[in-house]
Amino acid sequence: MDKIVVNKLDLFYGDQQALNNIGIAMKERSVTALIGPSGCGKSTFLRTLNRMQDLIPSVKITGQVKIDGQDIYATGTDVVLLRKKVGMVFQNPNPFPKSVFENVAYGPRIHGETDKKKLSEIVETSLKDAALWNEVKDRLHESALGLSGGQQQRLCIARLLAVGPEILLMDEPTSALDPISTMKIEELISELKDKYTIIIVTHNMHQASRVSDRTAFFLSGDLIEEDVTSVLFTRPAKKKTEDYISGRFG
Ligand SMILES: Nc1ncnc2c1ncn2[C@@H]1O[C@H](COP(=O)(O)OP(=O)(O)OP(=O)(O)O)[C@@H](O)[C@H]1O
Ligand SMILES: [Mg+2]
């Protein structure tokens, strides 16, 4: 089933158009990779999916983004609920300067959970689901800033999972990490796919091949081509895609 359906989406920063007439659908419990050269609009597009771009005053958006059939840009949309449902992980791990436990408990707390036992359960489950529990279970009350970069990134994923999202947006989640931490995040993405719909921006085409079901190629604000990942990388339909994946530019 389609979880996200984008139709005729345009986005402007002031007079500058950054996304042109984007149309794409993403299936529930799948991983979609967004690739393309720097400045092509990958992050901009990703952020339209939970209305993060609305936070920038100059931004104007037209068109539709439907999640579970609801247009998230319709008036009356509860943006707080939307961002709970559609969570985001950033390029640089950004844990709060608090304990490991408090990082994960933070979201459920602000959404009203006060029961200590319940919070402990959520923290444990989220850390397990983020494949971090074994590494931190004995240091839950130590600062998150003492974790390695890769652990911090998994902690940020755990923090996200703790509020019960359905869609995970990841903007170059491994670009600041070493190869082993990267591999762990990639394995984690493969596991999370059983429960979540995932969209990942990556500059690494090998990573896109390894983790995604479908890949979308963006160029200068246009969605040039979107297909099953193995097809897009071996038999792209468009010359521009072929030029990009064969390393002729970007
Ligand atoms: N806040 C902003 N205000 C004005 N223009 C912006 C803003 N953010 C991005 N842009 C412009 O929109 C275009 C797309 O940027 P975006 O960050 O989405 O690209 P990207 O594909 O994510 O690039 P990268 O791979 O370098 O992260 C670029 O031309 C960029 O300069
Ligand atoms: Mg970007």
Side-chain angles (χ1 to χ4, degrees), residues 3-4 26-33 46-47 49-52 67-68 78-137 139-145 147-174 176-177 181-202 211-213:
K3 184 76 176 168
I4 306 173
M26 291 149 185
K27 292 225 176 318
E28 199 169 23
R29 299 190 176 89
S30 68
V31 180
T32 302
L46 193 72
R47 288 155 168 269
L49 303 179
N50 69 349
R51 294 190 52 173
M52 290 269 289
I67 295 181
D68 295 327
D78 183 335
V79 180
V80 174
L81 265 187
L82 174 70
R83 297 202 184 116
K84 185 165 175 269
K85 181 165 169 172
V86 189
M88 186 148 179
V89 181
F90 301 87
Q91 186 167 1
N92 293 303
N94 57 350
F96 305 127
K98 292 172 182 277
S99 70
V100 170
F101 184 96
E102 286 305 323
N103 264 272
V104 185
Y106 181 85
R109 275 216 181 95
I110 58 168
H111 287 288
E113 185 57 68
T114 53
D115 187 291
K116 274 209 165 130
K117 188 158 167 280
K118 201 76 180 286
L119 282 170
S120 288
E121 282 168 13
I122 295 174
V123 169
E124 180 169 342
T125 308
S126 305
L127 287 169
K128 282 181 175 160
D129 287 351
L132 185 59
W133 176 251
N134 287 336
E135 289 159 70
V136 300
K137 62 178 190 292
R139 50 200 286 203
L140 290 178
H141 300 288
E142 292 171 29
S143 172
L145 303 182
L147 301 178
S148 74
Q151 289 171 332
Q152 289 187 13
Q153 193 63 300
R154 279 177 283 143
L155 179 65
C156 292
I157 294 172
R159 183 172 70 184
L160 200 65
L161 301 183
V163 299
E166 295 171 23
I167 296 169
L168 309 178
L169 308 178
M170 302 185 172
D171 198 346
E172 302 190 45
T174 65
L177 305 181
S181 303
T182 295
M183 198 182 74
K184 286 190 180 161
I185 300 271
E186 289 183 5
E187 285 170 2
L188 175 58
I189 290 171
S190 304
E191 284 166 25
L192 292 173
K193 182 175 102 164
D194 293 341
K195 285 195 202 160
Y196 304 94
T197 304
I198 300 172
I199 300 122
I200 176 174
V201 172
T202 177
V211 302
S212 70
D213 301 299

For [X] versus [Y], what's the shortest heavy-atom pair and its separation?
X      : Y      : value
Ala105 : Leu119 : O-CD2, 4.1 Å
Ser181 : Leu177 : CB-CB, 3.9 Å
Leu160 : Pro165 : O-CD, 3.2 Å
Val89  : Pro173 : CG1-CB, 4.4 Å
Pro93  : Gly149 : CG-O, 3.5 Å
Arg154 : Lys184 : NH2-CD, 3.7 Å

Rounded to the nearest 0.5 Å, how far does [atom2] of [Y] lie from [atom1] of [X]?
X      : Y      : atom1 : atom2 : answer
Ile185 : Ser190 : CD1   : OG    : 11.5 Å
Gln152 : Arg159 : CD    : CZ    : 10.0 Å
Lys193 : Ser212 : NZ    : OG    : 9.0 Å
Thr182 : Glu187 : OG1   : CD    : 11.0 Å
Tyr196 : Leu161 : OH    : CG    : 4.5 Å
Asp171 : Arg47  : CG    : CZ    : 6.5 Å

Taking Arg29 for the side chain and Asp194 for the main chain, is one N or O donor matched with an acceptor at less than 3.5 Å?
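Between the backbone of Asp194 and the side chain of Arg29 there is a qualifying donor-acceptor contact (under 3.5 Å).
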Can a donor-acceptor pair be found, under 3.5 Å and without considering hydrogens, that links the side chain of Arg83 to the backbone of Arg51?
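The answer is yes, because a donor-acceptor pair under 3.5 Å joins these two groups.
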Is any side-chain heavy atom of [X] less than 4.5 Å from a side-chain heavy atom of [Y]?
X      : Y      : value
Ile67  : Val86  : yes
Ile199 : Leu168 : no
Asn50  : Leu169 : yes
Thr202 : Glu172 : no
Asn134 : Leu127 : no
Leu145 : Pro95  : yes
Leu155 : Phe96  : no
His141 : Glu102 : no

Taking [X] first and then [Y], would you say they form a salt bridge - that is, a charged N and a carboxylate O separated by under 4.0 Å?
X      : Y      : value
Asp213 : Lys27  : no
Lys3   : Asp68  : yes
Lys195 : Glu166 : no
Glu124 : Lys137 : no

Does the side-chain contact (heavy atoms from CB on, under 4.5 Å) test come out yes or no for Ile157 and Leu188, once each step is laid out?
CA-CA 10 Å; Ile157 294 172; Leu188 175 58; 3.8 Å; yes
For atom NZ of Lys85, is the number of surrounding heavy atoms from other residues, nucleotides or ligands below 6.0 Å larger than 12?
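Correct, the count exceeds 12.
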Kindly check if the number of other-residue, nucleotide or ligand heavy atoms within 6.0 Å of CZ (Phe90) is above 12?
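Yes, enclosed.
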Assess whether side-chain contact (heavy atoms from CB on, under 4.5 Å) is satisfied between Val100 and Gln151, documenting all intermediate values.
CA-CA 10 Å; Val100 170; Gln151 289 171 332; over 6 Å; no
Run the side-chain contact (heavy atoms from CB on, under 4.5 Å) check on Ile198 and Thr32 step by step: do they pass?
CA-CA 6 Å; Ile198 300 172; Thr32 302; over 6 Å; no
I would like to know whether Thr174 and Gln153 meet side-chain contact (heavy atoms from CB on, under 4.5 Å); could you show each step before the answer?
CA-CA 8 Å; Thr174 65; Gln153 193 63 300; over 6 Å; no
